[in-house]
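As the structure is a computational prediction, the values presented were derived from the model and not from experiment.
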Amino acid sequence: MKMSEKLFSEFPPVSTEDWKNQILKDLKGADFEKKLVWETGEGFKVQPFYRKENLADLDWSVQNLPGTFPYTRSTRKLTNEWNIRQDIDSPDLSTAKKLAAESVSNGVDSIGFVIENSTSGRRGIPLKRKEDLEFLLEELPFQDVTLHFVAEETSPLIHKWLPKIKPLVGGLGYDPLRILSRHGHSGGHGIQALKPILEEYAATWPNFRGLTIHSSTFRDSGSEIVEELAFTLALGSEYLFLLSEAGLKPETVNSQMILQFVVGPDYFLEIAKFRAARTLWSRIFQAYSSDSGETSLPFLSAETAKYNYGVYDVYNNMLRATTEAMAAAIGGAEVISVLPFDHLLQPADSFSLRIARNVQLLMRHESHLGKVVDPASGSYYLEKLTDSIADEAWKIFCEIEAEGGFLASLQSGKIQERISNSRKRKEENYATRKEISLGTTQYPNVQDKIASGKLNKSFFMGSVEPKPGEWTCTAIPEYFVGDAVETIRLRTEEWEKKNGRSSKILLLPVGDLKMKKARAIFALNFLGCGGFNVIDPGSYETVEDVKEGIRKEKPDALVFCSSDEEVLKWAQEILSGSDGKSGPIPLVAGLPKDSKSDLEALGVQGFLHILSNLLDTLTDLQKRLGIQ
């Protein structure tokens with residue numbers, strides 16, 4: 001007997017029932033569903049473990065080889081290599097050219113130029129004439145790198161100015177229906193503007209794609225993953241239909257299309273999303289064409305999530321970008337762009353671009369994520385997630401088709417309603433900290449300050465000029481996870497600059513050692529999210545120590561940090577003689593239900609606890625402190 005056979009013979013098979021019985025035993029009576037089954041925002045449940053039997057009805061997915069229709073596992077047969085893309089958005093033309101050259105010489109395969117526009121919400125390169133574009137491109141080694149643009153409504157002008165003598169690979173990035181979705185009107189951008197561009201590229205530069213469908217239109221507005229996938233595929237189907245009606249072959253449209261997905265923080269769901277996207281797009285394309293060969297290949301690119309970045313403690317964004325980029329690579333994206341960690345603050349500079357590309361260089365050269373085709377294959381968990389996401393997204397896609405297709409659903413407001421509902425759920429979850437954003441809604445760096453109020457995040461160039469007969473709809477606004485909390489914190493900073501002093505809050509850790517430490521840490525993190533200057537003295541042992549600390553620090557507010565059983569006694573002794581209207585504002589960390597009314601009678605004006613709404617509590621405190 002071989003050693004391997006002998007080894008495995010010592011481990012008899014264990015049934016699913018045995019596994020579950022052992023788990024139930026370890027739970028000691030706790031509810032299995034509530035404790036271990038995860039219900040996603042996408043509308044389906046994820047089990048704590050999966051086994052081979054869970055894939056019994058997924059033979060079509062597991063048995064198909066990479067590079068074969070419907071491309072669930074990959075569009076490539078031998079490797080998982082992807083292009084490392086770097087977007088340049090400097091508002092100075094010469095600097096942009098220099099940064100592009102620097103990126104290429106340091107391992108980047110693909111350059112994207114963000115051109116000044118009114119749709120992307122980013123500062124960009126100002127191109128005033130054809131010669132500016134020629135200057136920008138003249139020294140790029142097109143034999144080594146591909147070229148992409150983020151030009152939005154200026155895409156037709158970039159197309160017109162592109163030098164026609166060089167064979168290009170990459171994409172123009174044009175998406176007329178994104179312009180409609182962002183502005184509420186299309187400004188004359190539509191099929192009549194898109195069709196001749198695609199025809200020209202298909203005839204002269206077949207590897208330069210004119211149409212990019214941006215899932216960021218939906219995901220950076222608050223949609224869930226399955227909605228993002230369904231809306232993006234519905235938009236792609238709409239283009240296939242409208243362009244086919246205009247006389248373009250569906251094979252030509254598909255060969256000219258890039259499906260560019262945002263990749264967010266839900267690591268395993270994001271991996272599965274890319275696999276599901278290829279599967280569903282193949283199914284959609286079959287409705288337009290019988291070709292299952294090269295012309296049916298979906299081309300997927302990825303960009304790390306803009307909505308998930310924060311403007312405070314920005315180095316956390318490096319961690320977010322790393323896991324997001326890994327998910328895109330494992331999911332099989334063909335081009336990946338990592339947004340610079342500080343891009344919400346300012347246009348990318350040499351350092352932030354270096355860090356962004358190094359994330360991918362490490363994945364490629366040290367983790368070797370490009371060496372194995374479909375590295376997710378064989379994971380029961382990921383195979384099942386792929387199927388679940390595909391199933392839920394397909395349901396939404398079919399609903400949109402029943403409504404008349406993407407354009408009809410957008411103009412009726414039904415897509416906006418779906419996104420708005422998802423956005424409200426996310427806002428509620430972050431406000432109550434059911435979900436957290438590290439450095440923004442939890443564990444903030446209280447020393448971090450914003451040097452300038454002119455954030456790249458809130459940059460707005462203008463609007464698209466209306467045109468007669470254009471498409472119209474209700475615009476879809478952008479969404480940022482930390483936006484509401486960051487606004488509160490910026491308001492605190494502005495007040496401090498105006499008044500020449502900080503808003504000082506003194507913690508009063510008293511009583512039981514364990515509880516006062518725990519509640520002081522909680523209060524420090526909670527109030528730090530609002531940008532307040534929170535002073536933690538470590539511990540107070542007596543009432544006189546507390547009163548001396550108050551006299552010394554002269555705080556604007558106090559926070560009692562103690563056990564529920566002790567806090568009333570401490571408050572009575574410290575607040576005795578106070579009318580609750582003058583002096584520092586008293587607060588309590590925790591929610592002592594038995595003594596809450598007595599504490600309020602002593603002048604306590606708020607309670608900070610795990611069920612508190614972070615936004616409401618911080619806003620109310622700002623009002624009480626006179627910070628408007």
Side-chain angles (χ1 to χ4, degrees), residues 40-44 70 175-186 189-191 194 211-246 250 253-254 257-262 264 269 272-289 298 300 386-426 470-479:
T40 73
E42 283 65 36
F44 59 89
D175 186 353
L177 285 169
R178 170 176 164 81
I179 297 167
L180 167 64
S181 301
R182 276 283 180 251
H183 292 277
H185 62 98
S186 61
H189 295 275
I191 300 305
L194 178 62
L211 172 62
T212 296
I213 297 171
H214 299 85
S215 86
S216 59
T217 305
F218 319 111
R219 191 69 182 284
D220 284 340
S221 296
S223 73
E224 299 288 1
I225 286 176
V226 294
E227 292 171 332
E228 171 203 6
L229 180 54
F231 298 156
T232 304
L233 296 175
L235 177 50
S237 180
E238 187 77 39
Y239 278 123
L240 275 175
F241 173 74
L242 293 174
L243 289 164
S244 296
E245 289 284 296
V253 178
N254 192 52
M257 183 186 295
I258 296 174
L259 296 168
Q260 181 165 310
F261 286 97
V262 166
L269 294 179
K273 178 183 74 179
F274 283 94
R275 302 172 92 241
R278 290 190 295 271
T279 306
L280 295 182
W281 183 251
S282 298
R283 185 188 300 182
I284 292 166
F285 187 71
Q286 274 188 314
Y288 293 91
S289 172
L300 271 60
T386 300
D387 181 62
S388 297
I389 288 176
D391 186 51
E392 294 298 322
W394 187 251
K395 290 176 185 175
I396 298 175
F397 174 85
C398 291
E399 290 174 7
I400 293 171
E401 288 298 295
E403 292 163 4
F406 177 86
L407 184 57
S409 186
L410 184 73
Q411 292 184 310
S412 71
K414 291 182 179 179
I415 286 176
Q416 292 91 327
E417 182 180 359
R418 287 182 172 100
I419 294 174
S420 176
N421 290 337
S422 294
R423 177 175 176 158
K424 287 175 183 176
R425 284 195 298 271
K426 287 186 179 182
E470 64 182 357
W471 290 324
T472 59
C473 72
T474 301
I476 303 175
E478 280 194 314
Y479 164 70

**Request:** Kindly indicate whether the side chain of T212, heavy atoms from C-beta on, has any atom under 4.5 Å from the side chain of D175.
**Result:** no

**Message:** Quick one, Q416 and I419 - any side-chain contact, counting heavy atoms below 4.5 Å?
**Reply:**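 Side-chain contact under 4.5 Å: no.
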
Could you list the residues that satisfy side chain to side chain donor-acceptor pair (under 3.5 Å) with [X], not counting sequence neighbours?
X: Y479; result: none
X: E401; result: none
X: S237; result: Y288
X: S420; result: none

Can you list everything that forms a salt bridge (charged side-chain N to carboxylate O under 4.0 Å, His left out) with [X]? Sequence neighbours excluded, please.
X: E227; result: none
X: R219; result: E228, E270
X: E399; result: R418

With sequence neighbours excluded, what pairs up with [X] under the side chain to side chain contact (heavy atoms under 4.5 Å, CB included) test?
X: A246; result: I191, K195
X: D220; result: R182, S216, V262, K306, Y307
X: E392; result: F44, V226, K395
X: S186; result: L180, E470, W471

**Short side-chain to backbone donor-acceptor contact, S221 and P477, under 3.5 Å** =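 Yes; judged by distance alone, with no hydrogens or angles, the pair exists.
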
**Message:** I need the K273 NZ to F261 CZ distance, nearest 0.5 Å.
**Reply:**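 Here the interatomic distance stands at 6.5 Å.
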
**Item:** From W394 atom CH2 to L229 atom CG, the distance as rounded to the nearest 0.5 Å
**Value:** 10.5 Å

**Worked verdict on R178 versus S181 for side-chain hydrogen bond (donor to acceptor under 3.5 Å, both in side chains)** = CA-CA 5 Å; R178 170 176 164 81; S181 301; over 6 Å; no

**Prompt:** Closest approach of F397 and A234, non-hydrogen atoms and distance?
**Reply:**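 Closest approach of F397 to A234: CE1-CA, 3.6 Å.
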
**Complete:** Contacts satisfying salt bridge (Lys or Arg N to Asp or Glu O under 4.0 Å) that involve residues 231-241 (not counting sequence neighbours) are none

